[in-house]
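Data block below; observations after.
Chain letters run A, B, ... following the sequence lines, proteins first and then strands; every chain starts at 1.
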There are 2 protein chains.
Amino acid sequence: MEENSDRLVMKFGGTSVGDLERIERVARHVRAEIERGRKVCVTVSAMSGETNRLVDLTEKAGGGDVSRTPDYDAVVSTGEQVTAGLLALVLQRQGIRARSWQGWQAGLRTDDSHGAAVIEDIDGETLGAAIDTGEIAVVSGFQGVSPDGRISTLGRGGSDTTAVALAAALGAFRCDIYTDVDGVYTTDPRIVPGARRLDRISFEEMLEMASLGAKVLQTRSVGLGMTHNVPIRVLSSLEEPQDDPANTLITSEEHIMERRVVSAVVPSRAEAKISLLGVPNTPGKSATIFAGLASAKVNIDMIVQSQARAGEAANVSFTLKEADLSRALSHLAEMKDEVGYTDVIADQNVSKVSIIGVGMNDTSGVAAQMFRTLAERGINIQNISTSEIKISVLIPAEYTELAVRALHDAFELGTVGAAGAGGPRAFV
Amino acid sequence: MEENSDRLVMKFGGTSVGDLERIERVARHVRAEIERGRKVCVTVSAMSGETNRLVDLTEKAGGGDVSRTPDYDAVVSTGEQVTAGLLALVLQRQGIRARSWQGWQAGLRTDDSHGAAVIEDIDGETLGAAIDTGEIAVVSGFQGVSPDGRISTLGRGGSDTTAVALAAALGAFRCDIYTDVDGVYTTDPRIVPGARRLDRISFEEMLEMASLGAKVLQTRSVGLGMTHNVPIRVLSSLEEPQDDPANTLITSEEHIMERRVVSAVVPSRAEAKISLLGVPNTPGKSATIFAGLASAKVNIDMIVQSQARAGEAANVSFTLKEADLSRALSHLAEMKDEVGYTDVIADQNVSKVSIIGVGMNDTSGVAAQMFRTLAERGINIQNISTSEIKISVLIPAEYTELAVRALHDAFELGTVGAAGAGGPRAFV
């Protein structure tokens with residue numbers, strides 16, 4: 001889609017619209033962009049707490065989790081509808097032309113996976129024509145319309161996805177995600193007080209960080225930004241509008257002149273490890289195990305298979321989200337005869353620490369430096385997995401903070417312009 | 001439209017769906033009708049208190065009353081959307097096929113008077129086909145879609161209107177309005193403990209009662225029932241389903257075999273009286289006064305013009321809703337020079353008492369009996385107005401209860417089968 005250089009999408013999450021005072025501040029952010037000459041489409045989440053309240057009502061009415069039903073969506077989507085209407089009213093009171101748009105009005109079409117729908121199309125023409133007249137479009141986030149004309153929701157975090165999809169459909173020059181932090185950091189500042197905010201980060205790196213559980217942006221929205229090449233700016237809605245606010249711009253690699261080797265260290269605590277002992281060495285056993293777990297919707301990571309001698313039974317271990325542990329274990333118990341393992345061991349006292357960086361692939365010795373750094377602190381690595389721009393290790397949970405601090409230091413992420421494996425940190 | 005003898009519309013108001021326990025009881029009422037072989041369309045209000053909460057939010061956001069704007073409608077309509085979704089979920093949990101319908105999904109088209117829209121059309125085909133499959137349609141009351149595709153609301157009480165309009169569009173054999181009372185009474189039981197529930201009442205009588213402020217049904221819904229000849233049954237949602245529940249059926253006169261002279265005595269307290277003294281006796285003065293008040297949206301009732309001698313200045317007095325009094329007075333103050341009156345007197349200590357009955361028109365002496373009854377109690381009548389089926393008098397407010405009890409007795413409304421001006425009270 002052609003880029004319209006004055007069209008901007010702004011997204012405000014639940015805490016940013018938590019009460020009317022905050023909605024007033026959102027309106028000031030919108031006004032600041034109008035004064036910069038932008039044609040603005042805003043998308044909003046439900047006021048914080050509201051989605052939980054509505055979900056709770058559906059669970060009481062439906063006698064359990066009914067989040068995959070159209071009527072759940074009809075109830076839960078009202079949270080965003082209220083916020084969108086209220087923001088339009090606040091803008092109008094300030095003399096700004098504005099109107100609220102529901103998903104079905106904006107032609108935001110999804111598939112029929114109620115409660116976790118995927119956006120298939122947005123009618124960018126209608127919405128684009130509306131904002132080009134100078135009217136602010138306030139779009140209810142998180143919702144669309146299914147093929148049979150019912151309200152659908154995109155699942156938790158879907159408001160980020162709505163924002164980036166709107167930006168893509170409108171050919172906006174940027175998508176601004178206002179949240180309760182002012183950007184993306186080199187690591188969790190609660191662990192490393194010297195963690196630095198990144199000025200720019202590539203889509204690929206952000207995607208790895210989001211899938212590792214960094215809460216600042218939802219994975220799907222980053223992927224959508226990458227696919228449609230929509231720069232995403234993360235900034236704080238808790239500040240008043242400024243000319244040059246603190247932020248992190250997530251953009252394509254070509255817009256990041258100086259490539260860092262390592263950009264961030266990401267801890268991920270909600271991990272568990274399962275080891276199956278004495279798995280018979282016959283072809284197809286691994287396929288049986290992992291196909292079975294996949295059918296139980298358990299996502300598996302970091303698989304390691306070890307065998308002392310050829311022909312002997314093997315040990316298979318893998319990591320998974322802690323939340324999936326009991327489901328995985330009960331499924332494995334059902335499969336015991338089929339797989340033929342002798343024992344199963346579950347360990348929740350593990351955590352995953354990852355280093356991420358687009359430059360990693362071209363630079364030898366990054367993995368070695370990571371392992372050496374951890375070994376020097378006496379941290380035992382249980383599993384390892386790597387991608388082109390990421391190295392993850394599984395370690396005992398109690399070493400999490402120590403490992404993060406050591407790696408943040410080793411790759412010199414906290415200092416600007418220093419030499420070392422972290423490389424220069426001046427970006428355009 | 002052709003009547004479909006097994007289609008039924010059921011409507012549940014705000015107190016009937018006030019919490020999940022009550023919604024469960026609503027589901028039992030729906031189930032009872034399914035077991036009777038009915039094809040059911042249900043329409044619901046917002047949970048009690050919810051509309052007020054939402055209106056309050058719009059007023060804070062919009063800086064005052066914004067009830068005539070589309071964004072107000074977007075916010076306030078969510079109350080019904082939530083209830084409809086929750087009832088559908090409760091029915092599904094009980095193994096009953098059901099789905100919620102928003103106004104725009106049900107093709108409930110209105111004009112563009114946001115906040116007080118009028119229904120123009122309902123797509124009875126789609127909804128009718130859905131319920132004929134045995135699926136329960138749960139329609140959000142009070143809302144529709146405007147000509148430009150935005151959500152509209154029908155204004156307070158609009159859920160009754162939605163129900164009757166749905167019944168008309170579906171050709172339903174009846175529209176059941178479940179509320180917190182079990183029918184329509186001969187008078188306010190708080191004033192006359194011996195007030196009786198009416199088994200049947202004509203549309204015309206109910207229309208007069210509703211426009212006098214009887215809260216059991218909204219005027220517009222009764223008018224719609226009369227126009228489309230949809231029998232409306234009023235019954236209590238606070239009871240469990242029964243084979244033969246207490247109720248009042250509002251129907252056309254031909255279905256009421258024995259016409260009563262007087263059916264009900266209706267007090268109306270929220271009245272006020274304005275008297276303009278010394279209005280010059282030139283043509284068109286009355287027109288000037290009442291056209292001016294109409295332009296200020298003040299509804300006028302019971303106009304009396306008195307003149308001692310031809311050619312002299314006249315006194316003009318009229319009644320109006322107490323809520324409109326200050327608006328009327330400030331408008332009259334502006335018109336003082338134009339009208340040329342010498343003084344204006346406002347009196348809030350008045351109330352209107354009316355007797356209503358379709359048989360009144362054929363029976364002489366009803367008015368005489370009414371005036372005599374009040375005179376015997378020493379109650380002074382200030383103004384009188386009559387229609388074919390109603391006589392209203394304005395009296396000092398302090399006599400309201402006395403007048404109601406006296407008239408209820410005089411027309412023998414509390415006793416069954418007795419002779420007298422009230423007439424026989426056995427209806428088919």
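Remark: A:Glu21 CD is loosely packed, at most 12 non-hydrogen atoms of other residues, nucleotides or ligands lying under 6.0 Å away. Within 6.0 Å of CD on A:Glu125 lie no more than 12 heavy atoms contributed by other residues, nucleotides or ligands.
Contact annotation for residues 99-107 of chain A against chain B (heavy-atom separation below 4.5 Å, listed by residue number): A:Arg99, A:Ser100, A:Gln102, A:Trp104, A:Gln105. Of all residues spanning residues 86-93 of chain B, those with a heavy atom less than 4.5 Å away from chain A's heavy atoms are B:Leu86, B:Ala88, B:Leu89, B:Val90, B:Gln92, B:Arg93, arranged by number. Using a 4.5 Å cut-off between non-hydrogen atoms, no part of residues 25-38 of chain B approaches chain A.
Ranked by non-hydrogen atom pairs under 4.5 Å with chain A, the options B:Ile151, B:Ile23, B:Thr83, B:Thr69 are led by B:Ile151. Between chain B and the options A:Val66, A:Val138, A:Thr78, the largest number of non-hydrogen pairs under 4.5 Å is found for A:Thr78.
With a 4.5 angstrom heavy-atom cutoff, A:Thr58 touches chain B via backbone and side-chain atoms both. For B:Ala84, no part sits under 4.5 Å from any heavy atom of chain A, backbone or side chain.
Under a 3.5 Å cut-off, the side chain of A:Gln81 and the backbone N or O of B:Val75 do not form any donor-acceptor pair.
Residue pairs that meet the salt bridge (Lys or Arg N to Asp or Glu O under 4.0 Å) test with at least one member in residues 71-87 of chain B, sequence neighbours left out, are B:Asp71-B:Arg150.
Annotation: the span from B:Glu59 atom CD to A:Leu20 atom CG amounts to 11.5 Å, rounded to 0.5 Å.
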